[in-house]
K.L.:
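Provided herewith is a single structure, encoded as structure tokens, for subsequent inquiry.
Computed from a predicted structure; not experimentally measured. Chain naming here is simple, since letters A, B, ... match the order of the sequence lines and numbering starts at 1 in each.
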Amino acid sequence: MSNTAALALTSKDFTSNQEVRWCPGCGDYSILKQVQTILPEIGLRREEIVFISGIGCSSRFPYYLNTYGMHSIHGRAPAIASGLKIANPALSIWVITGDGDALSIGGNHLIHLLRRNFDMNVLLFNNEIYGLTKGQYSPTSPEGKVTKSTPMGSIDHPFNPLALAAGANGTFIARTMDRDPKHLRDVLKEANDHKGTSLVEIYQNCNIFNDGAFEVFTDKSSKPNTAVFVEHGKPIIFGENNSKGLRLDGALPVITDLASGSFGPDDLWIHDKHDRFKANLLMRCFDTPKPDGSSLPRPFGVFYKESKSLYEQSLHEQIADSIKRKGAGDLDALLKGKNTWEIL
Amino acid sequence: MSNTAALALTSKDFTSNQEVRWCPGCGDYSILKQVQTILPEIGLRREEIVFISGIGCSSRFPYYLNTYGMHSIHGRAPAIASGLKIANPALSIWVITGDGDALSIGGNHLIHLLRRNFDMNVLLFNNEIYGLTKGQYSPTSPEGKVTKSTPMGSIDHPFNPLALAAGANGTFIARTMDRDPKHLRDVLKEANDHKGTSLVEIYQNCNIFNDGAFEVFTDKSSKPNTAVFVEHGKPIIFGENNSKGLRLDGALPVITDLASGSFGPDDLWIHDKHDRFKANLLMRCFDTPKPDGSSLPRPFGVFYKESKSLYEQSLHEQIADSIKRKGAGDLDALLKGKNTWEIL
Amino acid sequence: MKDNNLTDAANHVRSMEELKDVTILFAGDSGDGIQLTGSQFSNTSALFGNDISTFPNYPAEIRAPQGTIAGVSGFQLHFGSVEIYTPGDQCDVLVVMNSAALKANLDKLKIGGTLIANTDGFDIKNLKLAGYIDGVSPLEDNSLGKYRLIEIDVTKLTREALKTSTLGTKEKDRSKNMFVLGFLYWMYNRKMATTEAFIREKFIKSPELIDSNLAVLKAGFNFGDTSETFTTRFEVKPAPLPKGKYRNIMGNQALALGLIAASRKSGLPIFYGSYPITPASDILHELARHKNFDVRTFQAEDEIAAITAAIGASFGGNIGVTASSGPGIALKGEALGLACMLEIPLVVINVQRGGPSTGLPTKTEQADLLQAVYGRNGEAPIPVIASSSPRDCFQVAFEAVRIAVEHMTPVFILSDGYIANGAEPWRYPSSDDLSSIHPPLLDKADGDTFLPYKRDEKGVRPWVVPGIAGLEHRIGGLEKQDETGNISYDPENHQTMVKLRADKINRIADFIPLQTVDQGEMHSKLLLLSWGSTYGAIKSACKELIFEGYSVSHIHLRHIHPFPKNLGDLLKGFGHVIVPELNSGQLVKMVRSEFLVNAQPVSKVKGLPFSSAEIKAEVIKYFQL
Amino acid sequence: MKDNNLTDAANHVRSMEELKDVTILFAGDSGDGIQLTGSQFSNTSALFGNDISTFPNYPAEIRAPQGTIAGVSGFQLHFGSVEIYTPGDQCDVLVVMNSAALKANLDKLKIGGTLIANTDGFDIKNLKLAGYIDGVSPLEDNSLGKYRLIEIDVTKLTREALKTSTLGTKEKDRSKNMFVLGFLYWMYNRKMATTEAFIREKFIKSPELIDSNLAVLKAGFNFGDTSETFTTRFEVKPAPLPKGKYRNIMGNQALALGLIAASRKSGLPIFYGSYPITPASDILHELARHKNFDVRTFQAEDEIAAITAAIGASFGGNIGVTASSGPGIALKGEALGLACMLEIPLVVINVQRGGPSTGLPTKTEQADLLQAVYGRNGEAPIPVIASSSPRDCFQVAFEAVRIAVEHMTPVFILSDGYIANGAEPWRYPSSDDLSSIHPPLLDKADGDTFLPYKRDEKGVRPWVVPGIAGLEHRIGGLEKQDETGNISYDPENHQTMVKLRADKINRIADFIPLQTVDQGEMHSKLLLLSWGSTYGAIKSACKELIFEGYSVSHIHLRHIHPFPKNLGDLLKGFGHVIVPELNSGQLVKMVRSEFLVNAQPVSKVKGLPFSSAEIKAEVIKYFQL
Ligand SMILES: Cc1ncc(C[n+]2csc(CCOP(=O)(O)OP(=O)(O)O)c2C)c(N)n1
Ligand SMILES: Cc1ncc(C[n+]2csc(CCOP(=O)(O)OP(=O)(O)O)c2C)c(N)n1
Ligand code: SF4
Ligand code: SF4
Ligand SMILES: [Mg+2]
Ligand SMILES: [Mg+2]
């Protein structure tokens, strides 16, 4: 897999001839654009890249990229991608999935992919709704959500997708949003650099069936107070002109007013993406924050990263071992077996 | 659902006329016995209890209990139980499942059951192997496990079932073992008392295909050093004549020698089953401990308990509400609809 | 109707002309409110007493860019003073709100038909988006000479009508469709009361929008009335439908109502486990609105959870129902086997769509019949019944529950996208008209040992719901011993049980009506044998053919497995049998194998329903041989 | 063989008698090493040159309590100096290690047959466990007068043979089965070398066990030799099998080898995605042992992941294979539709078992045929081929890969539990004997725009594996435009594609052998038409019937979809057609519908194979009509 930095490709090279068919204003457009922007920067040729998706609005994604791709069936992209990765570990594989595709019908394949730790990237477009089927609630929709299928409000307690990924022993867990192109690009690149299954949850606005689901995080006025962007090794700071920070009181994250002066940056929680438990604390900051900053903000960024053996690598090592020990398979010997006799 | 303490039933009353068909020495026998022992003690009539299982050796369980039961299909017991609970919330429902049934093919149904929080008990018989199909590795088998399907050792990183349950927002998470009847009974009773989905992982020895998988925890000589039994509100103590304890150094559990005297019980980690993060620390004590007690022991007991609205309750409340608001459905009005005309 | 009606209409005398039936196709951008316009005209016509049939044709599931062909939404309405069986083959009137709508639908307009075009939708931008590359408007290049063209700048006239309104232009333009609707009400001499009432209710929260929409609606009507250009109005008298009370109903809605009615008539709650999928989702949406009927809807994590939850609910004494389409049905095979083995009531609805795989999710097809009959491991027979029209869905749902509950078996309902979204008048029954359903529930122990698989004279086992003292029992997916239900690996017992399960299903034939001939003689040269949504097209084709003197008959099946007992004998009465299906020939396979008749397929696999013209052509071709 | 052979043998003259063929059934507790004893005798006989056929019959999947009927394990061996097609209907010799084994199998012993009983297995405890409630031993109540009873206290003799050994009694008793084996080797005049070698290899790690087992084996042999009671020995000469090199092979093993061979002959690695299930798991176990053939085995989280991973691997240029049984196959329907739509190579193996639902997991059945042919949503045709015997599995697997790869399609292989675990001699090919397989791989852009769904003369699209510059493309489950593969909702295109996909499959008939008549004339009164594992029983029945002068022929299908081109014509040659199947009549449905012949089913659904006697009886019954 060539990593020669500059193949002199541009985002155009990654744009297919297919007309993009999302609703005007859909968050998917921004994600597509950012992906097309970083692909030329990660030093891969088009033919080395494969996008595998399930079914959903988001899953139309592969058709719009001029790489190899498969728009498969609902929820099964992780399994298909696993088989493909085993067939050819050299490929750079990107799984595109939605909150329904990944967490409803595809939940089992996702958690097994995460535990096996194939080297690939999973982009989970979370719009907290079933878009393609025209607006039923999804496993990430907030409780009480009124949709076509829940006229009196949904009664399911939603998943916390990142906590679920952590519970499944995911080795790279991150969150970003369609409305913050730079952050989106940075997280995608870091995900791509990770050797292992990188799960990136992307908040994506469905302006037709769930418009404004994430407005509190994306709206300029509230964003500073409601969204905190964590960086490895740096103190966790947010708020208007970084006036606030998070401190850890035991296992309890508390908001700290930096303006007051009673606490300085060194008193703050320094984000360590290698610390499973602190990462878990971040993922569990999940209550919808008040715009005024009086409540814990929703964290974005790379929460957790761990290095662990890759499934496809171990598999091919076993093949190599067995060839080393037994020699490359001899078909005639195999057909012959142990006990034979001849009739003359 | 009658809770009159003594219905004067005995474990005999809960024993069906079907001949038990597990291998001699299988851990399932002990679990069956303990279940038959506690059932008379939880104040329910036989007819109020339903056991729903999937497929696997463990899943034969319902046939041996003289209650209502269904031996369903592989992995689907949680979904079947959900439908049954909605049909009749008064029933006491027990899902019986194995590590393959629950975590391999049934993984998705399990995590969705946990997040929805139906009021039922899930007993996960974990023998770290596929017993019924004669010995392939399972999602809980340790890495490198040599089985029929992995002659060179398994390359899957196993699940940590309790961590997965926590990631899925389970509201009651516990671990016990076939070889400790009293602990097993206590945990089962507490699980039954919990209003919500109670997940109980039970270490179960498959003496035919995976004999001794848990010996280090069950064997008298090593048990004191390798297994720690946590109790809510009590310091975490283990070791030969309770000579050791666990202390928390930040998020790091450390073994403390109580004999030395430098630390007393009050310095120890007091188990709080309502603390999600400390519970998570316990669940993550997952490396196989050395018998000599030099490494962290494997915890047993009720790790986490949280109270949350029940799915079936919310569903029936919505029905009641809607009847209150619209009145009990009037079929003729429904058939008539809004716009009608008559032809004379 | 005869073409000349409209062409006559072209000479400039202000006159009122009577028509037997009219087909109008409303077409425009997804955003143009086409579906609303169409359904309003439909309701008004129905309430007026016409017989009607409608066919909404949505763009493919992903919203396509505005103004493009892919973004065109259509609503076809066929109404008349005679009985109507289909939404009409070709249209008398085509309403297009933009260039793409014209390009996509012109072929559906009869020669001499009326074309109403919103000129504002034919600017360069729209022309290009629609793929008129050279940017020349078809309205101007006299390419439309074969039609009666009515050009209206709807946008301009709408804005004018709202000069005084304080609304923004965007809001104003949203009521464009009302202008068109008003104009057509004038053209077909309709009252606007229903639509006015609808507007008042819909916009109850903003009086401003009520006023604007009413104003534009009226403006459209007056535009026809005042403008000199339009000289002819048309009249379509009420249809001589059977006496009774009527309403409009769509297929999926009728399925939901049928289930609720069956719930009432059996005294058991409906449990509906489902995972959303086009075009089945609306059943879930409809049922979720009727919780006050003790309907329990469960949006499951996938189709397997949906059906297994339904099985669990049936075990608990509810009527377990699940529905899906295409790939979602394929996922239910294993669980269907379990339901067969348990012998528990279950209704599985397949609202068929274009396949294979994800296929054509928004298009219609009948290609899942053999899957319904055979798509399981082992010998697992399941009754299969199919609905023939939107209103028939009510009867079929009711019948499916009856069979499932009274015969303790899963039952397959086959509907399809065409029926699901289509609408027609329904002479709705009163609850008393509906027969009651008798579940074989056993609610107390009768002394001697309880045998959960002991059968009654119908071959049906008792339904025992957890909670009853003394009847505790275990059921499961392994082969069971006759009567006791205990696990049994005995070879003879297995053969017995396979036979008992099959007999139980076959005996359902004793509890369903004998097959009737829908059209034509009991003996004729050619039989049209059909099932499902092709009913209307074939019925009207057959009617006309008989009228034209052909020796042809029509048999339409509701019960496909088991077949009605007399079907084999009926078939003997015909020289030849052809089986029109929206697949590559599936029912025809079953009939050939079952009755060894040389039935021949007539296949259409285009994601679209048959037109009666296509059926007629096939038959005439046959007679010319 | 004729019964009297054995009964003659009963008069007490020490003699050597020659037999054409013998059927021995070894039966005992799961723990008694029955399977090992049986397979050792089988190998020895095969190596000696007999033709053989074996049928292991394990207890149901859960280990049953020792000594009970449910715990009985059986191994039936049929060997002869003539060609052998089945494991034998009834046994000449029944070896029982305990009471339960006798009770469970006595009905399989011929009148006058030899019954070898381990008396130690007939104590009160064992009798009660076996259900001889009154505790009276059948060995003592003269109820066995119809048989030649040989009582041996195997346990006692075994321990004696090991007097000097330092092993514990438990270990000693474990070699009981060797005593029986040694005795039978004496009885049938066999060399023990193979078994001795086997013992030396098996216990290589503990010389003690080598010695003990060898000692007991010899003791058993000598027991026959020395004891006066046994006067007759039997001789079964080598069979006149075709010249060549032979080995024994079991069905699942042969499937694995066939896949690996096809991998070599196509130059593509095998990817095997599977989720364990009885009786298919052994294919996974076998393949996992051959990683040095670059076989990639993936134990997936469920059957859906197994097949979709295989599809992903095929997309990546591997030969994607998946296997399952019963309920596991039912779960693969949706993904099969995707593979159809993608037009990608895939092999799906169904080792059928008793159904429906979980059914009879360890028993055999042929009831998944129609599921294989029709069990998907939409028009999704897939080639279906079936193996007729353990060794035939090799050819069938190889053929399936050839079709999948050369025609870019998923292919169904139907095997069953009977074939999967049965063994027979196999004249194994050399790699050069195998034709090579030609995947339509495209490995570089040829200038003009690449069309992933442009077809060759066979109707097959190119296979382009990710990694090739200039050929980047997207595939998916939505209907695709002809040639380009882009998403298309065009009605005409859909019809075209449905037809193109069907034609491609139908045209495979041009690339498979014409159907031959296996036995009998091309024209006769009665045809036995069959498929799959019933081959042996029907072949031998047919042979005998023809020998006895009946006008009967036998056609056995390997290719079920598409049928061989000449099948229809062949069928015309027979007065009547009967179709014996281990289901309620499935192939018969296809044949009736396809060829309108009045073929009649012969059904057996007991979880057991046909005996040739049953087939003969059916035919004779027919001729008596
Ligand atoms: C087996 C199957 N079940 C159901 C569907 C219908 N379906 C298509 S996409 C979808 C969910 C879409 O939601 P999500 O995954 O969040 O994607 P989004 O459209 O929101 O991007 C569903 C239920 C299907 N295509 N296949
Ligand atoms: C759909 C389906 N797939 C596979 C199987 C085969 N199968 C039966 S049980 C089982 C797994 C058993 O393991 P586990 O769940 O751990 O139960 P145990 O036998 O160990 O108690 C499998 C793969 C099946 N019966 N059905
Ligand atoms: S429905 Fe929602 S998610 Fe789908 S394309 Fe439209 S805006 Fe985007
Ligand atoms: S195989 Fe293992 S798990 Fe199954 S019954 Fe035997 S010992 Fe128990
Ligand atoms: Mg979504
Ligand atoms: Mg297990």
K.L.:
Drop me the distance from C:Ser42's OG to B:Asn339's CG, to the nearest 0.5 angstrom.
P.N.:
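Answer for the OG-CG pair, C:Ser42 versus B:Asn339, is 12.0 Å.
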
K.L.:
Between C:Ala261 and chain B, which part of the residue has a heavy atom less than 4.5 Å away: side chain, backbone, both or neither?
P.N.:
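Both parts, backbone and side chain.
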
K.L.:
Top residue by heavy-atom pair count (under 4.5 Å) with chain C, among B:Asn66, B:Ile49, B:Val50?
P.N.:
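When all of B:Asn66, B:Ile49, B:Val50 are compared, B:Asn66 has the most.
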
K.L.:
Please flag which part of C:Thr297 lies under 4.5 Å from any non-hydrogen atom of chain B: side chain, backbone, both or neither.
P.N.:
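Answer is backbone: N, CA, C or O of C:Thr297 sit under 4.5 Å from chain B.
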
K.L.:
Of the listed residues (B:His74, B:Lys338, B:Lys336), which shares the most heavy-atom pairs with chain C below a 4.5 Å separation?
P.N.:
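So the answer, after comparing B:His74, B:Lys338, B:Lys336, is B:Lys336.
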
K.L.:
In terms of heavy-atom proximity below 4.5 Å to chain B, should C:Phe271 be classed as side chain, backbone, both, or neither?
P.N.:
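Just the side chain, heavy atoms under 4.5 Å.
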
K.L.:
Please round to the nearest 0.5 Å and tell me the distance separating atom OH of C:Tyr272 and atom CD of C:Gln299.
P.N.:
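Nearest 0.5 Å value for the OH-CD distance: 11.0 Å.
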
K.L.:
Give a yes-or-no answer on whether the side chains of B:Asp99 and B:Ser138 include a donor-acceptor pair shorter than 3.5 Å.
P.N.:
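Side chains of B:Asp99 and B:Ser138: pair found under 3.5 Å.
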
K.L.:
Just by distance, no angles: are the side chains of B:Ser59 and B:His71 close enough, under 3.5 Å, to form a donor-acceptor pair?
P.N.:
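B:Ser59 vs B:His71: no donor-acceptor pair found between side chains.
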
K.L.:
If you count heavy-atom pairs under 4.5 Å between each of B:Ile111, B:Ile52, B:Asp330, B:Asn17 and chain C, which one has the most?
P.N.:
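Most heavy-atom pairs under 4.5 Å with chain C: B:Asp330.
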
K.L.:
Can you see whether B:Glu48 engages B:Ser92 through a side-chain donor-acceptor pair at a distance of less than 3.5 angstrom?
P.N.:
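B:Ser92 and B:Glu48 do not have a side-chain donor-acceptor pair below 3.5 Å.
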
K.L.:
Which one, C:Ala310, C:Ala469, C:Ala300, C:Ala46, leads in non-hydrogen pairs under 4.5 Å with chain B?
P.N.:
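Top count of heavy-atom pairs under 4.5 Å with chain B: C:Ala46.
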
K.L.:
Quick one, C:Phe394 and C:Trp426 - any side-chain contact, counting heavy atoms below 4.5 Å?
P.N.:
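Touching, per the 4.5 Å side-chain cut-off.
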
K.L.:
If you tally heavy-atom pairs under 4.5 Å against chain B, which of C:Ala306, C:Pro240, C:Gly312 wins?
P.N.:
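Looking at each option in turn, the highest pair count goes to C:Gly312.
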
K.L.:
Are B:Ser314 and B:Glu317 close enough that a side-chain donor and a side-chain acceptor fall under 3.5 Å?
P.N.:
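B:Glu317 and B:Ser314 do not have a side-chain donor-acceptor pair below 3.5 Å.
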
K.L.:
Top residue by heavy-atom pair count (under 4.5 Å) with chain B, among C:Gln253, C:His290, C:Arg264?
P.N.:
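Option with the greatest count: C:Arg264.
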
K.L.:
Will you find, in the side chains of C:Glu424 and C:Asn248, an N or O donor that is under 3.5 Å from an N or O acceptor?
P.N.:
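Not at all, the side chains of C:Glu424 and C:Asn248 share no donor-acceptor pair under 3.5 Å.
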
K.L.:
Under a 3.5 Å threshold, yes or no: a donor from one side chain and an acceptor from the other, between B:Asn117 and B:Thr171?
P.N.:
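Checked: B:Asn117/B:Thr171 side chains pair up, N/O donor to acceptor below 3.5 Å.
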
K.L.:
Report the option among C:Gly476, C:Gly467, C:Gly477, C:Gly316 that has the most heavy-atom pairs separated by less than 4.5 Å from atoms of chain B.
P.N.:
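Ranked by heavy-atom pairs under 4.5 Å with chain B, first place is C:Gly467.
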
K.L.:
Which atoms of C:Ala335 are under 4.5 Å from chain B, going by heavy atoms: the side chain, the backbone, both sets, or neither?
P.N.:
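When you check distances to chain B, atoms from both the backbone and side chain of C:Ala335 fall under 4.5 Å.
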
K.L.:
With a 4.5 Å cut-off on heavy-atom pairs, point out which of C:Thr194, C:Asp302, C:Asn43 contacts chain B the most.
P.N.:
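Most pairs with chain B among the choices: C:Asp302.
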
K.L.:
Who wins among C:Lys245, C:Lys291, C:Arg247 for the most heavy-atom pairs under 4.5 Å with chain B?
P.N.:
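Most pairs with chain B among the choices: C:Arg247.
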
K.L.:
Checking C:Ile249 against chain B: side chain, backbone, both or neither under 4.5 Å from a heavy atom?
P.N.:
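Neither; nothing under 4.5 Å.
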
K.L.:
Tell me, for C:Pro269 versus chain B, whether the close heavy atoms (under 4.5 Å) come from the side chain, the backbone, both or neither.
P.N.:
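Contact with chain B involves no heavy atom of C:Pro269 at all.
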
K.L.:
Just so I understand: if I count every heavy-atom pair under 4.5 Å between each of B:His316, B:Lys324, B:Arg325 and chain C, which residue has the most?
P.N.:
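The residue among B:His316, B:Lys324, B:Arg325 with the greatest pair count is B:His316.
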
K.L.:
What part of C:Pro238 gets within 4.5 angstrom of chain B, counting heavy atoms only: side chain, backbone, both, or neither?
P.N.:
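Neither part.
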
K.L.:
Can you see whether C:Lys332 engages C:Thr322 through a side-chain donor-acceptor pair at a distance of less than 3.5 angstrom?
P.N.:
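Judged by distance alone, the side chains do pair up.
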
